[in-house]
Amino acid sequence: MVPGTICYRRRPAPAQRDANGLRHSAPHPVRSGGVSEPEYTNSTPGGDAISGSGLVAEKARRIARVDQLRADGVEPYPYRFDRTHSAAEVRAAGADLEPGTETDVAVAVAGRVMLKRDSGKLVFLTIADRGVDVQLFVSKAVVGDDAFAGIKALDRGDWVGVHGTVMTTRVGEISIKVERLELLSKSIRPLPDKWHGLTDPDTRFRQRYADLVVNADARRVFEIRHAIIASIRSTLVARGFIEVETPVLHAELGGATARPFITHHNTLDMPLYLRIATELHLKRLIVGGMDRVFEIGRTFRNEGMDTTHNPEFTMMESYEAFTDVHGVMELTEALITNAARDSLGTTLIDVAGEQVELTDPWPRVRMVDLASEAVGETVHPSQPVDHLRAIADRHGVHCDKAWGSGKIIEELFAELCEKSVVRPTFVTGHPVEISPLARLDPDDPHLTDRFELFILGKEFANGYSELNDPVDQLQRFEAEQAARDAGDNERGTIDLDYVRALEYGMPPTGGLGVGIDRLVMLLAGVDSIKDVILFPTLRPEANPQ
RNA sequence: GCCCCUCUAGCUCAAUGGUAGAGCAGUGGACUUUUAAUCCAUUGGUUGUGGGUUCGAGCCCCACGGGGGGCACCA
């Protein structure tokens with residue numbers, strides 16, 4: 001997100017539900033003296049808090065206004081407002097009106113006060129309702145003196161509901177001529193700058209509510225995110241997939257190689273892991289005959305954080321019986337192309353300054369071929385480890401002693417090729433050693449029937465023909481366990497229950513995993529995963545104020 | 001873990017080592033067609049925290065904390 005593009009006016013800010021945190025309990029601490037919270041104490045030498053300025057005084061002033069309203073018999077936090085139109089509907093209703101037109105179209109609309117222009121006996125309020133703003137035209141002569149004074153006393157950030165009629169001003173601005181205005185929720189904390197919004201990334205992530213109120217780009221990203229997820233869901237459902245939910249709390253780790261979060265269940269008195277993948281549960285469902293399943297869910301990895309990694313992130317995994325890796329690649333292209341069309345309205349997207357037409361076929365290249373090209377000679381997992389290690393050394397690629405030929409080839413690819421794969425590309429044929437759950441390539445027993453989708457040098461998706469031979473699977477698990485015992489603590493363990501499931505028989509199956517957050521980053525055109533997660537993981541604030 | 005950048009009023013930003021300022025918001029006033037309304041007046045600061053150097057520190061040095069970016073590690 002480019003801070004310079006953030007402003008309220010150029011792109012109307014959203015009206016986000018968040019007012020329920022503003023409840024305040026009388027008596028008013030400034031005057032009662034019974035509450036010792038420092039934020040409400042007097043900070044103005046020689047005067048009471050209300051006469052000063054700054055946040056403390058501003059909040060005190062607005063709380064005093066709340067008290068005054070109650071004293072006048074007006075509830076500043078009423079329960080309900082029945083509206084007849086959204087701001088967008090009002091805009092549609094007034095779209096064809098000439099400037100300076102009044103109508104009899106009666107509307108009841110609610111929104112948050114974003115701007116206030118007071119010109120004496122007229123007040124113009126801009127309210128935001130679900131990201132669309134509409135102007136309120138308030139005339140003292142229409143609403144009466146008392147109500148007019150109350151409207152003048154409104155603050156930016158207050159929620160209001162109005163009854164009035166649709167009109168246009170002399171310059172053609174579609175407006176609601178207010179007959180009656182009702183305060184729906186008094187805001188006691190000032191909104192960020194009406195023109196510049198919030199720019200400090202720390203504050204934007206910590207106070208996402210404020211970010212969403214004033215920064216339309218933030219709201220836009222999450223609308224795109226929603227559209228992408230909805231699109232993925234509809235593409236899958238249209239293909240006969242059903243959505244399922246599998247456990248987040250796992251007694252065994254599996255389905256990926258990653259360090260987990262560990263928690264504890266009191267009654268069972270046992271450790272539990274937050275899942276690092278949904279794969280093994282979903283394939284158990286394929287064994288059970290569910291045939292086509294998917295899950296869009298949070299997974300957790302207790303590892304580093306950077307612009308593409310958050311400790312909790314959203315993954316879509318799907319499993320389809322009777323297809324293989326080629327079917328999964330076709331599905332992947334369809335999912336992402338549809339997601340772009342449904343969220344952006346186009347399949348022509350910008351990838352690092354290049355225009356990419358997603359409907360063009362995506363290249364499919366074997367990992368061993370890319371690695372061979374990079375090192376200038378043929379590499380293949382059938383070659384001796386020492387030979388490959390020598391090649392890696394020559395190219396400055398560090399290899400762990402415990403690694404076999406296949407892992408070294410992956411490392412060569414990761415170090416020498418990965419970053420240069422910018423346009424969407426299926427990298428295929430991963431070595432068996434690094435693919436404990438994938439089927440062998442029918443033409444090459446050293447490789448698997450697998451792909452990873454790379455865009456912008458990052459992995460976006462991973463899929464393969466699922467290994468369904470229970471004997472082979474057990475041997476692969478044993479190899480994982482052996483590698484783990486040999487000191488590679490990132491490798492997996494033996495999941496005997498999963499092997500038992502396979503023993504009942506799993507049909508040929510193609511499986512897919514897609515990193516939703518990265519996909520949203522790609523399509524929304526943002527560089528940080530924190531921009532696509534509403535509440536990214538952060539250290540807690542010492543003293544929220 | 002290492003390196004670089006950053007932190008000043010509620011928000012957005014200024015300030016050669018020499019009295020901490022502006023715009024917005026707020027407060028008081030004017031204004032019946034405004035559009036970041038405008039105009040007049042005005043309030044508001046433990047410069048992230050703690051040390052140090054200096055006659056004097058927002059600025060220089062050190063440490064710590066938050067955040068951003070990069071590298072490493074990890075996958």
Side-chain angles (χ1 to χ4, degrees), chain A residues 3-4 6-10 12 39 43-47 49-62 65 99-100 102 114-126 133-142 148 153 155-157 167-175 177 187-207 210-211 213-215 256-259 276-277 301-309 398 400 407 410-411 414 418 434 452 458-459 462 488-491 527-528 530-531 536 538-545:
Chain A
I6 291 170
C7 71
Y8 173 67
R9 190 66 187 123
R10 270 181 272 172
E39 58 180 313
S43 70
T44 311
I50 297 174
S51 70
S53 185
L55 180 60
V56 173
E58 177 65 10
K59 285 172 67 174
R61 186 189 67 78
R62 296 200 192 190
R65 173 68 181 156
E102 299 214 6
M114 298 303 296
L115 296 169
K116 185 170 74 167
R117 293 176 291 279
D118 180 346
S119 79
K121 298 187 180 65
L122 274 186
V123 172
F124 298 91
L125 298 170
T126 300
D133 58 1
V134 67
Q135 177 169 275
L136 307 183
F137 176 100
V138 187
S139 166
K140 187 175 187 179
V142 173
F148 194 70
D155 288 299
R156 288 185 70 228
M167 61 166 279
T168 54
T169 62
R170 282 180 197 165
V171 291
E173 179 78 18
I174 298 165
S175 308
K177 186 174 183 181
S187 164
I188 64 162
R189 177 180 288 268
L191 245 34
D193 191 282
K194 67 183 177 187
W195 185 248
H196 301 96
L198 261 186
T199 61
D200 178 31
D202 186 24
T203 312
R204 287 185 43 232
F205 301 145
R206 289 189 193 282
Q207 299 186 37
D211 185 35
V213 171
V214 295
N215 291 337
T257 47
R259 276 182 290 166
I276 57 172
R301 297 188 182 177
N302 201 345
E303 295 170 351
M305 296 166 61
D306 58 33
T307 51
T308 52
H309 296 81
H398 173 77
D400 194 283
K407 176 63 186 170
E410 187 202 29
E411 192 66 16
E418 195 174 284
I434 57 163
E452 285 179 302
K458 301 279 185 190
E459 180 193 346
N462 181 13
D488 188 348
N489 63 7
E490 304 298 338
R491 301 291 281 270
D527 296 326
S528 170
K530 289 190 170 76
D531 281 322
L538 295 171
R539 284 195 162 83
E541 274 178 281
N543 293 302
Q545 289 187 341

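A note on names: the letters A, B, ... follow the listed sequences, proteins ahead of strands, and every chain is numbered from 1. Only a predicted model underlies this, so the values are computations on that prediction, with no experimental measurement involved.
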Sugar-phosphate, base or nothing in reach of A/Asp306, heavy atoms under 4.0 Å: nothing
Charged N-O contact under 4.0 Å between A/Lys407 and A/Asp400: no
Scan side-chain atoms only and decide if A/Gln135 and A/Arg117 contain a donor-acceptor pair under the 3.5 Å cut-off. yes
Picking from A/Arg61, A/Lys59, A/Arg65, what satisfies salt bridge (Lys or Arg N to Asp or Glu O under 4.0 Å) with A/Asp155? A/Arg61
Between B/G17 and B/G58, how far is it from one C1' atom to the other, in whole Å? 11 Å
Indicate, with a heavy-atom threshold strictly under 4.0 Å, whether A/Thr307 touches base, sugar-phosphate, or nothing. sugar-phosphate
A/Pro201, nearest nucleotide to its side chain (from B/G68, B/C74, B/U35): B/G68
Search all heavy atoms of A/Phe124 against all heavy atoms of A/Ser119 and return the closest pair with its distance. CE1-OG, 4.3 Å
A/Ile188 CD1 to B/G10 P, straight-line distance once rounded to whole Å: 15 Å
Between A/Ser175 and A/Lys177, is there a donor-acceptor pair closer than 3.5 Å when you use the side chain of the first and the backbone of the second? no
To the nearest angstrom, how far is A/Asp200 atom CG from B/G68 atom C1'? 9 Å
Searching all strands shown, indicate the nucleotide that pairs with B/U35 (Watson-Crick or G-U wobble; both distances under 3.5 Å). none
Does B/U27 have OP1 or OP2 sitting under 4.0 Å from an N or O in the side chain of A/Arg61? yes
Just call it for A/Lys407: base, sugar-phosphate, or nothing, with non-hydrogen atoms closer than 4.0 Å on any strand. nothing
I want to verify a distance call: between B/G66, B/C31, B/U34, whose nearest atom is closest to the A/Asp118 side chain? B/C31
Under 4.0 Å between a side-chain N/O of A/Arg117 and OP1 or OP2 of B/A37, yes or no? yes
Select one nucleotide: of B/C31, B/U33, B/C11, the one nearest the side-chain heavy atoms of A/Asp193. B/C11
For A/Trp195 and B/A36, give me the distance from atom CH2 to atom C1', rounded to whole Å. 5 Å
State the CZ-CD1 distance between A/Arg62 and A/Ile188, to the nearest 0.5 angstrom. 8.5 Å
Counting only side-chain heavy atoms from C-beta out, which of B/G66, B/C24, B/G26 sits nearest to A/Asp202? B/G66
Could you give the distance separating B/A57 and B/A41 at their P atoms, to the nearest angstrom? 35 Å
Taking B/C55 as the reference, what is the distance to B/U8 when you measure between their P atoms (whole Å, please)? 30 Å
At under 4.0 Å between heavy atoms, what does A/Arg301 touch on the DNA or RNA strands: base, sugar-phosphate, or nothing? nothing
Between A/Ser119 and B/U32, is there a contact of a side-chain N or O with OP1 or OP2 at under 4.0 Å? no
For B/A72, which nucleotide is its Watson-Crick or G-U wobble mate, given both distances must be under 3.5 Å? none
In whole angstroms, the gap separating C1' of B/U34 from CE of A/Met167 amounts to 11 Å
To the nearest Å, how far apart are A/Lys116 NZ and B/U27 C1'? 11 Å
Nearest to the side chain of A/Asp155, which nucleotide is it out of B/G26, B/U33, B/C11? B/G26
Rounded to whole angstroms, how far apart are NE2 on A/His196 and P on B/G10? 17 Å
Would you check if A/Asn215 and A/Leu198 make a side-chain contact, meaning some heavy-atom pair closer than 4.5 Å? yes
In whole angstrom, give me the gap between the C1' atoms of B/G18 and B/U54. 12 Å
Quickly work out the A/Ile174 CD1 to B/U35 P distance and round it to whole Å. 18 Å
Using only side-chain N and O atoms of A/Lys194, determine if any of them is under 4.0 Å from OP1 or OP2 of B/A25. yes
Could you tell me the separation between the CG atom of A/Asp211 and the P atom of B/C11, rounded to a whole number of Å? 14 Å
Of the candidate nucleotides B/G26, B/G67, B/U35, which contains the atom at the shortest distance from the side chain of A/Gln135? B/U35
Name the pairing partner of B/U42, where a pair is Watson-Crick or G-U wobble with both distances under 3.5 Å, or state none. B/G26
Ignoring backbone atoms, establish whether A/Lys530 has a side-chain N or O less than 4.0 Å from OP1 or OP2 of B/G68. yes
Classify the nucleic acid contact of A/Arg539 as base, sugar-phosphate or nothing, counting any heavy atom under 4.0 Å across all strands shown. sugar-phosphate
Taking OP1 and OP2 of B/C74, is either one under 4.0 Å from a side-chain nitrogen or oxygen of A/Arg259? no
What's the closest nucleotide to the A/Phe124 side chain, out of B/G66, B/U33, B/A36? B/U33
Please report the interatomic distance CG(A/Leu125) to NZ(A/Lys116), rounded to the nearest 0.5 Å. 7.5 Å
Sorted by position of nearest nucleotide on RNA chain B, 5' first, the leading residue of A/Val171 and A/Ser139 is A/Ser139
